[in-house]
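Keep in mind that the numbers below use all heavy atoms, side chains included, and drop hydrogens, waters and symmetry copies. Throughout, residue positions are numbered sequentially from 1 according to the sequence presented. Ligands are counted one by one from 1 in listed order, and the atoms in each one are counted from 1 as well.
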Amino acid sequence: MNDRKRLVELDKLHVWHPFTQMREWLSKEPLIIEKGRGNYLIDMDGRRYLDGVSSLWVTVHGHRKKEIDRAIKDQIDRIAHSTLLGLANVPSIQLAEKLAEIAPKGLNKVFYSDNGSTAVEIALKISFQYWEQTRKDNEKRKFVAFTGAYHGDTFGAMSVGEIDIFVRKYRPLLFEVFRSPYPYCYRCPLKKTHPKCKLACLETFEMLLREHNEEIAGCIIEPLLQGAAGMITSPPGFLKNVRRLTGKYGVHLIADEVATGFGRTGKMFACDIEGVNPDIICLGKGITGGYMPLAATLTTDKIYNAFLGDHGEHRTFFHGHTFTGNPLGCAAAIANLDVFKKERVIEKLEGKIKLFKNLLKSLETLSRVGEIRHIGLVAGIELVKDRGTKETHPAAERVGDAVCMEARRRGLIVRPLGDTIVIMPPLTIKDAELKRIVNIVRESIVKVTGT
Ligand code: PLP
């Protein structure tokens, strides 16, 4: 029995895959990735696939990036792990300095964890505890989150999230939040039309803050782009006004840049595009260039200072993970940021983004393409049954999934979010590869939908 056959057997016997109906998985042959090189994934038979989703938002500079490989190897020769509880370590200090330098202004204190969901939990807990420790008779104990939000799979993150199918079963365990409409303009929750609406969703948001600011600790947002909701891009000015209004009503703004951070939107952070400085930012995914599980929650000196006190006052932030500040992860992240600087990655993105935009335009002629949403090097292509009415395909048809499987046969890995096809290649994607990705997506849509 060859290696692959045995691994398939063992995978089916032992591995429980995330967000996966395992009965279906067990009925199919899994694709087992063995290697990566540049913008390609390579399976056990040596077949190459373009990594069209950056291995789930993380592979920033492609696979096997020499500088990051080396940084991890060098760090292993020193130490793989030591705890940040009661000790410091070299790379976590160096990385914190670099993060504070590139983060939106004022975010000076870094709290490490190991995935995006924990970065969000930490942000929520910091915001909550801040008010508990700075206000007498504090009532600021709730959060505002947006329709369609996704912030991760832990309980706090699920509570602020709103993708029904992900959270429905856990509802009895989730805390209540105030929900405000996110500008999903293609299917406006307020049934208005942009730009005629003049961002009416902001009025709803302001009304909520005006009425309830005494109860609200913070507002969490996926800035400029809601990822899991289907790559929903928000119109210019929305984020900036959310910042203005949270400031006006004394509510923390928590920017969840787990997905949007590290160049994905064309700037280092989505907040940079509208010059927004949040009170707390959550980072993960691309932070190590796709090498190690690391995340960080950054906040201001003002918030941090509210946690200072005598030991007995219990103002401490009682939170931490075994791998908080892991040296291997931090070494990878430092190398990742050094590559950004040395190769002037952000500065070089503009041309690629323009090309991507033009290539995507060519999909508009397909009759089942309802809307193409695009920012930086990420796009969502929403497929519909009827363009005029925006009627969706019946969920059971799983058209998005079929298109992605078709793309896989043609050598491209992309993923669907419902019937939205997501493209988010590594920032190192070459022009010819970008063209090939969009071509394959086009062919696959045509093959599946017949139009
Ligand atoms: N926040 C956002 C905006 C995300 O897109 C994700 C994951 O997709 C998370 C948080 C959770 O990150 P993780 O999967 O690393 O826990």
Note: ligand 1 atoms sitting under 4.0 Å from heavy atoms of S117 are 11 (C), 12 (O), 13 (P), 16 (O)
One finds that the ligand 1 atoms under 4.0 Å from a non-hydrogen atom of N115 are 15 (O), 16 (O)
**Prompt:** Would you say the ring centroid of H319 lies under 6.0 angstrom from that of H321?
**Reply:** yes
The atoms of ligand 1 lying under 4.0 Å from a heavy atom of G116, numbered in the order shown, are 11 (C), 12 (O), 13 (P), 15 (O), 16 (O)
Is E347 atom CD crowded by more than 12 heavy atoms from other residues, nucleotides or ligands, each under 6.0 Å away?
yes
Numbered in order shown, the ligand 1 atoms found under 4.0 Å of a heavy atom of D256 are 1 (N), 2 (C), 3 (C), 10 (C)
Of A259, P293, A149, S113, the one whose closest heavy atom lies nearest atom 5 (O) of ligand 1 is A259
- request: Ignoring hydrogens and angles, tell me if any N or O in the side chain of K140 forms a donor-acceptor pair with the backbone of I216 under 3.5 Å.
  value: yes
The protein heavy atom nearest to atom 10 (C) of ligand 1 is H151 O, 3.2 Å
### Task
Determine whether more than 12 heavy atoms belonging to other residues, nucleotides or ligands lie under 6.0 Å from atom CZ of R415.
no
> Would you call K285 a ligand 1 contact, heavy-atom distance under 4.0 Å?
Replying inline: yes
The answer for which part of W57 has a heavy atom under 4.0 Å from ligand 1 is neither
R398, CZ: over 12 other non-hydrogen atoms inside 6.0 angstrom
no
**Asked** Are the side chain of K348 and the backbone of E343 linked by a donor-acceptor contact shorter than 3.5 Å?
**Response** yes
E24 and S27: side-chain donor and acceptor closer than 3.5 Å?
no
Atom 6 (C) of ligand 1: closest protein heavy atom, distance to 0.1 Å, is Y150 CE2, 3.6 Å
